[in-house]
J.: 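Quick one: the structure is below, and I'll ask about it shortly.
The first residue in the sequence is number 1, and the count goes up from there. Keep in mind that this is a model prediction, so the values were computed, not measured. Every number for a ligand or one of its atoms is a count from 1 in the order of the listing.
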Amino acid sequence: MSKQQDWWKESIVYQIYPKSFKDSNNDGIGDIRGIIQKLEYLKYLGINVIWLNPIFESPMVDNGYDISNYYKMNLDFGTKDELKLLVKEAHNKGIKIILDLPVNHTSNQHKWFIESAKNEDNKYSDYYIWKSPKKDGSEPNNWISSFGGSAWEYNSNRNKYYLHCFAKEQPDLNWENPNLRKDIYKMMRYWLDFGIDGFRLDVISLLSKRQDFPDSPPQNKDTKNYYIGVSNGPRIHEFIQEMNDLVFSKYDVMIVGETPNTTLEQAILYTSPKRKEMNMVFQFDHMHIDYGELGKFSNVRFKLSDLKKVMTKWQNGLEEGWNALYWSNHDQPRAVTRFGDDKLYRKESAKMLGTLLHMMKGTPFIFQGEELGMKNVPFLFLEYYQDIETRGEIEKLKSMGFDLSFIEKVCYLKSRDNARTPIPWTNKGAYNGFSNTQPWIRVSPDNIEINVENELRDKQSVFFYYRELIRIRKKYDVVINGKYRLVDADDSDVFAYIRETDKEELLVICSFSDSRINYVISKEVMKDNFELLLSNYARRNSQLKENMILKPYESLIYYRKK
Ligand code: GLC
Ligand code: CA
């Protein structure tokens, strides 16, 4: 791939959850005009790509991941003219815009589904996945949907079940059908012609279904039982190559696939440039290191040794392809609560986590509020949770007999709503400048302290530290192209690694300890001309020393020319 086409490798992506970013017309819902108002803030931070969560027409059962019309906007967010304006103003500032696109499923209010559900022989009957009941009338197989209950829903018109890997209002599309594929590609071209710069493809690894739709054997905690017939299915690479051939290859775009249940081997297939599929994928291995007996909703704390193992595997293994680097997004809790210390060392550990990720090889993604060190939110009552996944889990855990305090605890630790509270722009007002009216979801009580206004006033804030990380990433080629090497694999407190090209070397040291520790630089790593580029405490001696004391959650970036 020529240098010119690689802008996505040199980019820093900022993810905006439009509903919670900035409300311009005070109806309690964030919107496109709100984003336009804050473009200057994003430019100041230094990012150069924005990923917008779905903004299309939707009944919002799953906050926009249930689309009823791919050609219409969700009017709560704005009009197409406003989106045009956003694209134009962003481009003027050197910022590209990519859209989140779920094409594994639509809303059950999409006209394709409404037609499809009517009878066996209309144009859309095969646009979804319909199966006859078993002899006893029960579901075609034992798959459980992501949000709880069977993955099959009965429809009496057709006397058949349809498949929905997510909510029953999100029927899965039938990618075996060439007409459906054509319609999707046409729609993708429409948005690229509109002026957007790429897509984040929602659960794209689930498109191709095994046509024998087998029952699943009992599964371990990390997986959904429908993955057996759904993830990385038999025709997945064929479909994505076709999509690339007919759509992506005609534009200069960035394509990032969300690929649940994807191994390194699969990710190499998805992202190797010569295979012409996607530029990068979101893998989930590091999101699973704190899964417990109950899967995601558990109170297990991760082990640093697992984090090192997983990150290193992906850093070294995806040489041919490309990594998408992330700590958090709209489906995950806040990173500083999950991987750092959101109390005494909130700022320090948020900066340390930023360091660890942003100096790695790949394209970093910052989820809105992460650059402020926002933390998980106490929702006080289970009824206050809005998210469909969380609500499903609460029901499930209650029916399994868990007590309320446990359920509250795991929701506090893992609910997707932790990431979905409004961004606090000011340090005053009931809603901290997000809106003048009660927002659609609760605001965090921590907004008093953690907000954009305060952070922009304080040069030591998490915001300014992220800004430095971005500046370093843009300045030194080694951050983009250097080879990765883990240092001191067995150290139980420190995650350290080297990035290296022929000309430059970077040494990154991150302590995960909440106390002061002694750290000895190993002989093979020690070089006299390592100079300190950045640290999350007041500057120390700029030269690397063999013996050092690391402060709680300290992180250090050293650099040398060879
Ligand atoms: C992806 C999205 C998530 C959504 C799901 C179904 O995982 O990130 O928010 O609920 O797909 O579309
Ligand atoms: Ca609004």
J.: If you measure from the Lys or Arg side-chain nitrogens to the Asp or Glu carboxylate oxygens, is any gap between Arg416 and Asp62 under 4.0 Å?
T.: yes

J.: Got a sec: does the CZ of Arg33 have more than 12 other heavy atoms crowding it under 6.0 Å?
T.: no

J.: Please work out, at 4.0 Å between heavy atoms, whether the side chain, the backbone, both, or neither of Glu389 comes within that distance of ligand 1.
T.: neither

J.: Within 45° of the ring axis of Phe77 and under 6.0 Å from its six-membered ring centre, is that where the NZ or CZ of Lys19 lies?
T.: no

J.: At what distance is the nearest protein heavy atom to atom 5 (C) of ligand 1, and which residue and atom is it?
T.: Phe166 CE2, 3.8 Å

J.: Just to be sure I read this right, does ligand 1 sit under 4.0 Å from the backbone of Gln332, its side chain, both, or neither, counting only heavy atoms?
T.: neither

J.: What protein heavy atom is closest to atom 7 (O) of ligand 1, reported as residue, atom name and distance in Å?
T.: Glu258 OE2, 2.8 Å

J.: Do Lys93 and Glu40 sit within salt-bridge range, that is, some charged N less than 4.0 Å from a carboxylate O?
T.: yes

J.: Could you list the atoms of ligand 1 found under 4.0 angstrom from a heavy atom of Val203?
T.: 1 (C), 7 (O), 11 (O)

J.: Have a look around the Ca ion (ligand 2) and list protein N/O/S atoms under 3.0 Å, or say none.
T.: Asp23 OD1, Asn25 OD1, Asp27 OD1, Ile29 O, Asp31 OD2

J.: For Ser68 and Pro59, work out which heavy atoms get closest and say how close.
T.: OG-CD, 4.0 Å

J.: Taking only heavy atoms of Arg416 into account, list the atoms of ligand 1 that are under 4.0 Å away from them.
T.: 3 (C), 4 (C), 9 (O), 10 (O)

J.: Which atoms of ligand 1 sit under 4.0 Å from any heavy atom of Phe147?
T.: 10 (O)

J.: Do the two ring centres, one from His110 and one from Tyr128, sit under 6.0 Å apart?
T.: no

J.: Kindly state whether the ring of Tyr41 and the ring of Trp425 have centres lying under 6.0 angstrom apart.
T.: yes

J.: Just need the protein heavy atom nearest to atom 9 (O) of ligand 1, so name the residue and atom and give the distance.
T.: Asp331 OD1, 2.7 Å

J.: If you measure from each non-hydrogen atom of Phe284 to ligand 1, which part falls under 4.0 Å: side chain, backbone, both or neither?
T.: neither

J.: Rounded to the nearest 0.5 Å, what separates atom CD in Glu371 from atom OH in Tyr466?
T.: 8.0 Å

J.: Just to verify, what does Asn48 make a side-chain contact (heavy atoms from CB on, under 4.5 Å) with, not counting sequence neighbours?
T.: Ser11, Ile12, Lys474

J.: I'd like the name of whichever of Asp202, Asp66, Asp62 reaches closest to atom 1 (C) of ligand 1 through any heavy atom.
T.: Asp202

J.: May I ask you to check whether Phe365 and Phe282 place their ring centres under 6.0 Å from each other?
T.: yes

